[in-house]
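Along the sequence shown, residues carry numbers from 1.
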Amino acid sequence: KAFILFIFEQSKFTEMKALFFSIHQTDNKNYRNLLAIVGVCVPIVLYIITILYGKKLIVENFNLESLMAKFIISKILIWCIFFLTILYSLAIEKRKFTEWTDVAYRWPFYVKTIIFTFLAFAVIGIGTSNLLHYLGFSSKTTEDLSGFVKQYPIFIYVASITAGIVEEYIFRGYMMTRIYSVSRSKFWAILISSLIFSAAHFSYGTAFMLLQPFLFGLVFAVLYFKYRNLKVLIVFHILWDIIIHYLFLIIFKFYCLLCS
């Protein structure tokens, strides 16, 4: 009897221990998910505070009216958002900033991916631009920066490198993977991260103008999910932005010649 009672007590203790461990694991998972959700919100909140209000405050207080000054301030603030988000992931979440390890491929993969993505972006870019032009929408950013880009060509490289590195790391490497770790849904991870990526380009002017960055974001997100290689996305993003800026510069010069 004593032996049977001992075995029974041991089994009850084991069950209670397993239950406690299960609850502890669940609590840890919920806490981890909560921190991940907050983490997705961190760059959004920082962007709103710094770009929408901080930049305006700095410009007004220091009477900085030139486009160059505004451009430099905006890029510094964007890099600050990037490093603060990394700090949050390492210090608060206690997780790697980009949890997915990049998969290594042979060089033909990078060439094929860049060519494929360029063709996809060209189709999206031409299609959406014609559609928006037909509907009567134009980019406020394009109009405002025309003379600035012509005067300071280095803007092209600084803007492209900043966008390529910061946007890919934050929207794909960080946000999308955090959303996926919480939802376990590729669909929602791709859709939500692409919507946030699109919303970050609100300076384009109108809600309709956000269609193009949304579609670009979808392509980037799908490629990252499929190949798990962030480097190729960063390289393509930088190259694409440089090409588009130079095309814009050429078109602007041609337009000036026609008008003169």
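- Residues forming a side chain to side chain donor-acceptor pair (under 3.5 Å) with Thr85 (at least two apart in sequence, or on another chain): none.
- Legend: residues meeting side chain to side chain contact (heavy atoms under 4.5 Å, CB included) with Ile192, ordered by chain and number and at least two apart, are Ile179, Trp188, Ile196.
- Every residue two or more places apart in sequence or in another chain that forms a ring pair (Phe, Tyr, Trp, His ring centres under 6.0 Å) with Phe220 is listed here: Phe121, His237.
- For Lys231, the salt bridge (charged side-chain N to carboxylate O under 4.0 Å, His left out) test picks out Asp102, with sequence neighbours left out.
- Annotation for Ile126: hydrophobic cluster partners, listed by chain and number, are none (ILVMFWY side-chain heavy atoms under 4.5 Å, direct or chained).
- Looking at residues two or more places apart in sequence or on another chain, you find a ring pair (Phe, Tyr, Trp, His ring centres under 6.0 Å) between Phe171 and Phe197.
- For the pair Tyr88 and Phe97, the minimum side-chain heavy-atom distance is 4.5 Å or more.
- Residues meeting the ring pair (Phe, Tyr, Trp, His ring centres under 6.0 Å) test with Phe109, sequence neighbours left out: Tyr105, Tyr227.
- Scored by the side chain to side chain contact (heavy atoms under 4.5 Å, CB included) test, Thr128 finds Ile124, Leu211, Gln212, Leu215 as partners (sequence neighbours excluded).
- The stretch residues 170-180 participates, sequence neighbours left out, in these side-chain hydrogen bond (donor to acceptor under 3.5 Å, both in side chains) pairs: Glu93-Tyr174, Glu93-Arg178, Glu168-Arg172.
- Every residue two or more places apart in sequence or in another chain that forms a side chain to side chain contact (heavy atoms under 4.5 Å, CB included) with Leu239 is listed here: Val235.
- Residues Leu191 and Phe214 have side chains in contact (heavy-atom distance under 4.5 Å, counting atoms from C-beta outward).
- Under the 4.5 Å side-chain criterion, counting only non-hydrogen atoms from C-beta, Ile242 is in contact with Tyr157.
- With sequence neighbours left out, the side chain to side chain contact (heavy atoms under 4.5 Å, CB included) criterion links Ile37 to Val182.
- With contacts defined as side-chain heavy-atom distances shorter than 4.5 Å, the pair Lys75/Ile78 qualifies.
- Side-chain contact between Ile190 and Val222 is present, with at least one heavy-atom pair separated by less than 4.5 Å.
- By the 4.5 Å heavy-atom criterion applied to side chains, Leu233 and Asn229 are not counted as neighbours.
- Partners of Thr98 under the side chain to side chain donor-acceptor pair (under 3.5 Å) rule, at least two apart in sequence or in another chain, do not exist in this structure.
- Taking both residues in full, the closest heavy atoms of Ala189 and Met176 are given as O-CG, 3.5 Å, listed atom of the first, atom of the second, then distance.
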